[in-house]
Number of protein chains: 2
Amino acid sequence: MRLEDEIQQKEFKDDYNKAVVNILFTQSYIVTKQNSLFKPFGLSPEQYNVLRILRGQNGNPITVSSIQDRMLNKMSNASRLVEKLKQKGLVLREECPVDRRQVDIMITEKGLQLLNQLQTEILNQNIRLIKLDNEEVSQLNFLLDKLRG
Amino acid sequence: MRLEDEIQQKEFKDDYNKAVVNILFTQSYIVTKQNSLFKPFGLSPEQYNVLRILRGQNGNPITVSSIQDRMLNKMSNASRLVEKLKQKGLVLREECPVDRRQVDIMITEKGLQLLNQLQTEILNQNIRLIKLDNEEVSQLNFLLDKLRG
DNA sequence: TTGTATTAAATGTATATACATGCAAATGCT
DNA sequence: AGCATTTGCATGTATATACATTTAATACAA
């Protein structure tokens, strides 16, 4: 559906300005759907993302600032998200022996199990959410990667 | 820059799942830049968006729920955003005479002036942010509109 | 080695998002 | 008219974002 119709705006100054609004609106469309999927599991999309980053470490610990670097939202607060996950028993946090300023984070068995439970649902939902064919979705990824320079 | 390199992820399950993450990441890229532009003016991106919706009314009042419908983030809280704008003297809020449940919102002269001040900067920044040529940005808009179905 | 700068993480504050709930006004039904 | 339902908005609570500040540990230069 045309963005102009969805937000009841007559027209945009130019395609660049429409694109900015289009990306913000589409992100909200996706996050809203993700939220309802995560809800029953007591996770937020960002918490899920942090768990995925930890799983990607294959058992190696990773510091809080490295998590921050890999998060989708660079301004987010990895420290507090990790604290939430720890309270749920999904991650372990311990002082780094080499540099006591740093804190090593690892995903727990419980965290891995939760991810496995969610994984199939997420993958399927993501495919359903994006109503494009293979050619188009590959083109979209190309454009988004290029867009950021 | 390739998403995989920016968030240091080896690969995605498929292009659909990459596209979801790509949209979330690109939205964060845009909002971060927008925030720094709005900061000196004491506005958040969402507050700016509400002001734009009000200006689009050309002097006619609009209810809180109509604002909500047109907002980029459907789950946002128009009521509280309007309250913030009112505190800054950028909007007027008054009981709707026809239906006392409703509240009519209008942008003030001060609000219009602020928008005019910001407009050129925003338009220029948006063009700079999107590092695509005319053909590509039009293709991107087509794909995003189609994506949501 | 001592003082300064830098770095890593935590914390504080304001705003925004997500969603449930409350309340008053309006609507609809009998 | 009387009462239940719906609608429009406000408010409460938890989480997340944006950004400044703090605290402790480390690096480095004089």
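Nothing here was measured: the structure is a model prediction, and the numbers come from that model. In what follows, every chain begins at residue 1, and chains take the letters A, B, ... in the order their sequences are listed.
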Just wondering, do [Y] and [X] contact through their side chains at under 4.5 Å, heavy atoms?
| X | Y | value |
| --- | --- | --- |
| A:Val103 | A:Glu94 | no |
| A:Val20 | B:Gln34 | yes |
| B:Ile30 | B:Asn126 | no |

To the nearest Å, give me how far apart [atom1] ([X]) and [atom2] ([N]) are.
| X | N | atom1 | atom2 | answer |
| --- | --- | --- | --- | --- |
| A:Ile67 | C:dA10 | CD1 | C1' | 14 Å |
| A:Met75 | D:dC19 | CE | P | 5 Å |
| A:Asn73 | D:dT15 | CG | C1' | 13 Å |
| B:Leu85 | C:dT15 | CG | P | 12 Å |

Is any side-chain nitrogen or oxygen of [X] closer than 4.0 Å to OP1 or OP2 of [N]?
| X | N | value |
| --- | --- | --- |
| A:Ser65 | C:dA9 | yes |
| B:Ser79 | D:dG8 | no |
| B:Asn77 | C:dT15 | no |

- Going from CD1 on B:Ile67 to CD1 on B:Ile53, what distance comes out if it is rounded to the nearest 0.5 angstrom?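 Rounded to the nearest 0.5 Å, the CD1-CD1 separation comes to 6.5 Å.
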- A:Asn49 side, atom CG; B:Gln9 side, atom CD - distance, nearest 0.5 Å: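 Here the rounded value is 8.5 Å.
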- Side-chain atoms of A:Arg80 come closest, of C:dA18, D:dA18, D:dA10, to D:dA18
Atom [atom1] of [X]: over 12 foreign heavy atoms under 6.0 Å:
| X | atom1 | value |
| --- | --- | --- |
| B:Lys33 | NZ | no |
| A:Lys74 | NZ | yes |
| A:Glu11 | CD | no |

- Query: Contacts to DNA chain C from residues 27-58 of chain B, heavy-atom cutoff under 4.0 Å, which residues?
  - Reply: B:Ser44, B:Glu46, B:Gln47
- Query: If you pin A:Met71 and B:Val103 to their nearest nucleotides in DNA chain D, which one's is more 5'?
  - Reply: B:Val103
- Query: B:Leu3 and B:Lys18: side chain to side chain contact (heavy atoms under 4.5 Å, CB included), yes or no, with the steps?
  - Reply: CA-CA 8 Å; B:Leu3 179 62; B:Lys18 172 170 173 175; 4.1 Å; yes
- Which of residues 86-102 of chain A sit near DNA chain D, with a heavy atom under 4.0 Å from it?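 Output list: A:Asp99, A:Arg100, A:Arg101.
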- Message: Quick check on DNA chain C: between A:Val64 and B:Lys84, whose nearest nucleotide comes earlier from the 5' end?
- Response: A:Val64
